[in-house]
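Working notes for the structure below.
As the structure is a prediction and not an experimental result, all values here were calculated from the model.
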Amino acid sequence: MGRFNQLLHKDFLLLVRDLWGLALLFLMPWALVVLMTYLQDSTFRSVNENHIPLVLLNNDGDTIGAMITRQLLTSGIFEVSEARHCERSEAEVEAAVARGDYLIGVIIPSGATANLRAKVRAEVERAFGAEEQTTEPTENQQNTTETTENKEKPTETKENQKKPNATEIRILTDPTVKQSFRQTLVQTVNENALRVQNKLLLSEITRQVNRLVPMPIDINPDIDQALTVSEKYAVNPDGKTKLVPDSTQHNVPAWSMFAIFFIVISLSSNMIRERETGCYNRLMTTPCPFSLYLLSKVAVYLCVCLLQLALIIVSGMYLIPLLGLPALQLGSNHVALAAVGVSSSLAAIGYGIAIGSIARTNQQASIFGAVSVVILAALGGVWIPTFIMPRFMQFISHISPLNWGLNAFNELFVRNSPFTDIIHCVSASLLFFIVGMFAAVIAKRR
């Protein structure tokens, strides 16, 4: 036990000999987590919340224009700027979208509701008028056959001349707008136009029916709220999952894994420095097993990784909310959280020990360690979420130890899952640690 304590003291001195390097080991990952969380939250809000600038020119002033305006204002997606006809013309609105002042422009023409109302009335009157024309010739069948045939063509021509033209609601979009937002806008406009059209149709049919039957009836019921659609995040059957995923819950664990694995540079550099200075050879000539030498490094750097993780988690809970971002919610399974933190830290330590044992020079270890961690982070979903990757890359991402830790943290933070749901991630991280230690033993024997 005394030899192990001496090894711990030696590794601790190696770590604190460069105080500025030790401070950067904690401060740089912490600053990276806070910065990336803030930047990605701002991007998320600008794309998915109420920051899509939209200019609306409502020249209708009636039911269609009012309904579309109300729907856009309450959608939670667009930042609507209303322009009156006296302030801007249609050409000016189009020019504003073309300049990039707004990403989307919506132009509702003048008389849109009146035109639709006239079209519906003409179609309903034509339908009911056709029935009357079929009954009238039967009463005077012998006297008015030729007269009716002669009047049919002029009547059709007259109806065609009176038929109102189709009303066009113009939607102008910037080429950079995502296809999903364009589809949402078109769907919103079509939905409201159809709703108005159906109301006008039922109202006109009611008027025509009441003109023909002796007893007045109302076939225009108010059933707007008869069918509603609700949305919420899926929860477990026990009803305990109340956490909603946000930018903090995604970025804090993602960049925490990135920070933990960056200790491979410091760990591998210290191992190579010991070999270059002769400290390693002197230790191996004393009664010091190689396993005890590795175990001391595991213990020291495990404390470093856990302190890093604790600093980042506490920042996510208390510091990040001061920036106007949502606070990190840890869930209720703290034992599983500790298991994920320890297993992920051990995976990073095993990787660092393997690099420090195999690399010949400090430059090799630094370059390979830094670049490989960045590659594993990109594959693991830290830079780009895995669900938007190609299917082949989604399969490849499962080889990244950062992906195992990130998935486990997401299960705990977002879904509040039990330990049984993350045991495969913890087991994979521990197996990766064992493989790294085994690689160090093979390199020592070689």
Side-chain angles (χ1 to χ4, degrees), residues 26 29-30 33 36-37 232-263 298-299 301-321 325-352 376-377 379-382 385-387 394 397-437:
F26 283 91
W30 170 81
V33 170
M36 294 304 298
T37 302
K232 68 173 183 177
Y233 288 98
V235 299
N236 291 327
D238 56 8
K240 297 181 180 180
T241 303
K242 298 181 180 179
L243 301 180
V244 178
D246 50 45
S247 60
T248 302
Q249 287 173 301
H250 169 74
N251 285 287
V252 169
W255 296 102
S256 297
M257 292 299 303
F258 188 74
I260 288 174
F261 268 81
F262 241 79
I263 61 100
V298 171
Y301 279 90
L302 179 60
C303 294
V304 172
C305 292
L306 293 180
L307 286 175
Q308 276 186 326
L309 185 60
L311 175 64
I312 294 173
I313 288 179
V314 170
S315 299
M317 295 173 62
Y318 301 105
L319 177 62
I320 288 180
L325 305 178
L328 178 66
Q329 303 292 330
L330 298 184
S332 59
N333 198 342
H334 296 163
V335 175
L337 177 61
V340 175
V342 171
S343 62
S344 300
S345 301
L346 289 176
I349 293 169
Y351 189 52
L376 291 175
L379 290 177
V382 174
T386 55
F387 65 85
Q394 291 181 15
S397 67
H398 294 298
I399 69 174
S400 172
L402 282 83
N403 180 260
W404 309 334
L406 178 57
N407 288 339
F409 278 124
N410 286 335
E411 289 289 336
L412 296 176
F413 291 166
V414 178
R415 300 184 178 90
N416 202 15
S417 302
F419 181 74
T420 53
D421 290 350
I422 62 168
I423 192 171
H424 63 285
C425 298
V426 174
S427 302
S429 298
L430 294 177
L431 181 61
F432 187 80
F433 165 71
I434 295 173
V435 171
M437 301 297 286

Checklist entry - Any side-chain heavy atom of Y351 sitting closer than 4.5 Å to one from P401? => result no

Checklist entry - Looking only at heavy atoms, what is the nearest atom pair of Q394 and H398, with distance? => result O-CD2, 3.3 Å

Checklist entry - Under the side-chain hydrogen bond (donor to acceptor under 3.5 Å, both in side chains) test, which residues partner S315, sequence neighbours left out? => result W30

Checklist entry - Just by modelled atom types, is the H424 backbone N or O under 3.5 Å from a matching donor or acceptor in the S427 side chain? => result no

Item to check | Approximate separation, where rounding is to 0.5 Å, of S397 OG and L402 CG | outcome: 11.5 Å

Item to check | Validation row: I313, L328 side chains within 4.5 angstrom (heavy atoms) | outcome: yes

Item to check | N410 and L406: CA distance, side-chain angles, deciding distance, side chain to side chain contact (heavy atoms under 4.5 Å, CB included) verdict | outcome: CA-CA 6 Å; N410 286 335; L406 178 57; 3.8 Å; yes

Next on the checklist: Tell me the closest heavy-atom pair linking C425 and N407, and the distance in Å.
Outcome noted: SG-CB, 4.3 Å

Checklist outcome for this item: By side-chain hydrogen bond (donor to acceptor under 3.5 Å, both in side chains), N333 pairs with (sequence neighbours left out) none

Checklist entry - About how many Å separate CG of L376 and CD1 of I399, when rounded to the nearest 0.5 Å? => result 7.5 Å

Next on the checklist: Is the ring pair F432/W404 parallel, tilted or perpendicular, if the boundaries are 30 and 60 degrees?
Outcome noted: perpendicular

Checklist entry - Does a side-chain heavy-atom distance below 4.5 Å link L309 with F409? => result yes

Next on the checklist: When you compare the side chain of L311 with that of L307, does any pair of heavy atoms fall below 4.5 Å?
Outcome noted: no

Checklist outcome for this item: All heavy atoms of Q308 vs all of I260, minimum pair found to be OE1-CA, 3.8 Å

Checklist entry - Angle class for the F258/F262 ring planes (parallel below 30°, perpendicular above 60°, tilted otherwise)? => result tilted

Enumerate, atom names and distances included, each donor-acceptor pair closer than 3.5 Å involving a side-chain atom of residues 334-349, sequence neighbours excluded.
unit_1 : atom_1 : unit_2 : atom_2 : d
H334   : NE2    : G331   : O      : 3.4
S343   : OG     : A339   : O      : 2.9
S343   : OG     : V340   : O      : 3.1
S344   : OG     : V340   : O      : 2.9
S345   : OG     : G341   : O      : 2.7

Item to check | For E411 against S417, the heavy-atom pair lying closest together | outcome: OE1-OG, 2.7 Å

